[in-house]
Amino acid sequence: MIPLPRSFYRRRTLTVARELLGKVLVRKVGKQILAGRIVETEAYFGADPASHSYRGLTPRCKPMFEEAGHAYVYFVYGNHYCFNVVTEQVGRAGAVLIRALEPISGIPLMERNRKTKEKHSLTNGPGKLCAALKIDQQFNRADLTKGNLLIIDGAQKKFRIVRTTRIGIREAKERLYRFYIKNNEFVSRK
DNA sequence: TAAGTGATAGTT
DNA sequence: ACTATCACTTAG
């Protein structure tokens with residue numbers, strides 16, 4: 001199980017967001033492996049008004065300015081975590097929000113973590129996939145090239161990509177910074 | 001469609 | 001200190 005190299009992440013955020021589609025997020029919890037194929041992403045970077053980095057460096061968004069290939073995890077709406085992967089060179093803010101996964105392994109444990117047996121609602125949203133894979137604040141700034149949370153290459157490489165607008169933001173709604181795998185049933189919203 | 005939930009960041 | 005806001009989810 002070879003993690004994607006740091007160089008994969010240290011590029012333009014939009015490029016990384018597109019290329020993360022089809023890759024596999026792997027979470028080890030004890031002897032269990034929870035894994036899912038990334039099917040939907042969003043890019044946030046620099047002076048984008050929808051990005052946490054819009055007004056520059058703050059304690060919360062600091063990881064976005066740091067080394068690529070690490071996690072940026074934050075808590076929203078008093079209930080949920082969102083998992084992002086840091087992109088760009090050090091000093092340039094960028095991160096890709098992972099919005100949806102197609103479950104691959106560890107589905108019974110995901111069902112317990114999510115308190116549902118409905119396969120389609122296990123990981124089809126940013127807060128849902130964090131709950132399913134038990135990703136919380138402790139993974140903020142975790143290195144995704146080693147450890148209990150990794151991203152590896154995926155088996156299936158042939159798929160169509162849809163590029164469209166982001167979800168759940170008020171500013172910069174028109175920017176086409178969301179990517180998803182066409183016709184995939186685990187995408188949060190078409 | 002709307003309420004719930006609590007940390008964050010910007011303003012007093 | 002105070003408060004508006006929020007890269008969401010679930011129930012209704």
Side-chain angles (χ1 to χ4, degrees), chain A residues 9 12-21 23 25 27 36 38-66 68-88 92-103 110-142 144 149 151 161-181 185-190:
Chain A
Y9 301 101
R12 294 178 63 220
T13 308
L14 288 168
T15 304
V16 179
R18 195 188 303 107
E19 293 192 19
L20 273 172
L21 294 177
K23 303 295 191 287
L25 179 61
R27 166 83 166 100
I38 297 171
V39 298
E40 180 183 356
T41 62
E42 282 178 1
Y44 290 90
F45 58 96
D48 165 16
S51 174
H52 293 167
S53 60
Y54 181 47
R55 294 169 199 281
L57 197 153
T58 66
R60 177 177 63 169
C61 74
K62 188 161 183 275
M64 291 183 72
F65 291 80
E66 298 178 329
H70 291 251
Y72 170 41
V73 179
Y74 62 87
F75 189 63
V76 268
Y77 293 108
N79 278 302
H80 313 285
Y81 293 96
C82 286
F83 168 68
N84 301 250
V85 308
V86 176
T87 58
E88 309 272 352
R92 307 205 63 142
V96 174
L97 173 67
I98 307 302
R99 282 199 59 91
L101 303 175
E102 174 177 338
M110 291 188 197
E111 290 172 346
R112 290 209 295 282
N113 292 340
R114 286 275 299 122
K115 304 187 201 313
T116 177
K117 292 223 165 208
E118 204 196 325
K119 194 180 177 194
H120 285 82
S121 66
L122 251 24
T123 53
N124 63 336
K128 295 180 188 180
L129 70 91
C130 282
L133 301 207
K134 277 210 178 326
I135 297 173
D136 60 19
Q137 208 67 40
Q138 78 177 73
F139 284 97
N140 195 28
R141 310 170 88 172
L144 300 173
L149 188 61
I151 301 176
I161 293 173
V162 177
R163 177 176 182 172
T164 182
T165 53
R166 295 175 291 185
I167 292 175
I169 53 168
R170 297 179 56 125
E171 304 291 325
K173 282 182 147 93
E174 72 293 345
R175 298 193 185 189
L176 303 177
Y177 288 0
R178 182 163 73 106
F179 301 88
Y180 66 84
I181 293 182
E185 47 190 337
F186 296 92
V187 166
S188 70
R189 238 175 71 188
K190 300 289 176 186

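Numbered from 1 within each chain, the chains take letters A, B, ... in sequence-line order. Side-chain atoms are counted along with the backbone in the values below, which use heavy atoms only and exclude waters and symmetry mates.
- Using a 4.0 Å heavy-atom criterion, one finds that A:R189 contacts no nucleic acid atom at all.
- The separation between A:K62 atom NZ and B:dA7 atom P is 21 Å, rounded to whole Å.
- The interatomic distance linking A:K173 (NZ) with C:dC6 (P) rounds to 10 Å, in whole Å.
- Within 6.0 Å of NZ in A:K23 there are more than 12 heavy atoms belonging to other residues, nucleotides or ligands.
- Stacking between A:F75 and B:dA7 is absent: the aromatic ring centre is not both under 5.5 angstrom from the base six-membered ring centre and within 30 degrees in plane angle.
- Using a 4.0 Å heavy-atom cutoff across all strands shown, A:I169 reaches sugar-phosphate atoms only and no base atom.
- When both distances must be under 3.5 Å, the Watson-Crick or G-U wobble mate of C:dA7 does not exist.
- For A:P59, the listed nucleotide lying nearest its side chain is B:dA9; candidates were B:dA7, B:dA9, C:dA7.
- Straight-line distance from the NZ atom of A:K128 to the P atom of C:dT9: 6 Å, rounded to whole Å.
- Heavy atoms of A:R166 sit nowhere under 4.0 angstrom from any nucleic acid atom.
- Residue A:Y54 contributes atom OH, which lies 15 Å from atom P of C:dT5 at whole-angstrom precision.
- A:E40 pairs with exactly one of A:K128, A:R18, A:R99 by the salt bridge (Lys or Arg N to Asp or Glu O under 4.0 Å) rule, that one being A:R99.
- A:F45 has its side chain within reach of A:L14: a pair of non-hydrogen atoms, C-beta onward, lies under 4.5 Å apart.
- Nearest nucleotide to the side chain of A:Y77, out of C:dA7, C:dT10, C:dC8: C:dC8.
- Using a 4.0 Å cut-off, no side-chain N or O of A:R60 falls inside it from OP1 or OP2 of B:dA7.
- Taking atom OH of A:Y72 as the reference point, atom P of C:dC6 lies 14 Å away to the nearest angstrom.
- The ring pair (Phe, Tyr, Trp, His ring centres under 6.0 Å) with A:Y81 is formed by just one residue from the set A:F75, A:Y74, A:Y72; it is A:F75.
- Taking atom CD on A:Q137 and atom P on B:dA7, their separation rounds to 10 Å, with Å as the unit.
- Set against B:dA9, C:dT10, B:dT5, the side chain of A:N79 has B:dT5 as its closest nucleotide.
- Per the geometry, CD belonging to A:E40 stands 16 Å off P belonging to C:dA7, to the nearest Å.
- When the side-chain nitrogen and oxygen atoms of A:R170 are compared with OP1 and OP2 of C:dA7, none of them lie within a distance under 4.0 Å.
- Not one side-chain nitrogen or oxygen of A:R55 sits closer than 4.0 Å to the OP1 or OP2 atom of C:dT5.
- Among B:dA9, B:dG4, C:dC6, the nucleotide with an atom closest to any side-chain atom of A:H80 is B:dG4.
- The phosphate of C:dA7 has OP1 or OP2 within less than 4.0 Å of a side-chain N or O from A:H52.
- Looking at A:R178 and A:I167, their side chains come closer than 4.5 Å, going by heavy atoms from C-beta outward.
- Between A:M110 and A:L133 there is a side-chain heavy-atom pair separated by less than 4.5 Å.
- Side chain A:Y74 to base B:dA7: no donor-acceptor pair is found below 3.5 Å.
- Residue A:G127 is classed as a sugar-phosphate contact, given heavy-atom separations below 4.0 Å to backbone atoms only.
- C:dA7 atom C1' lies 15 Å from atom CD1 of A:I135, rounded to whole Å.
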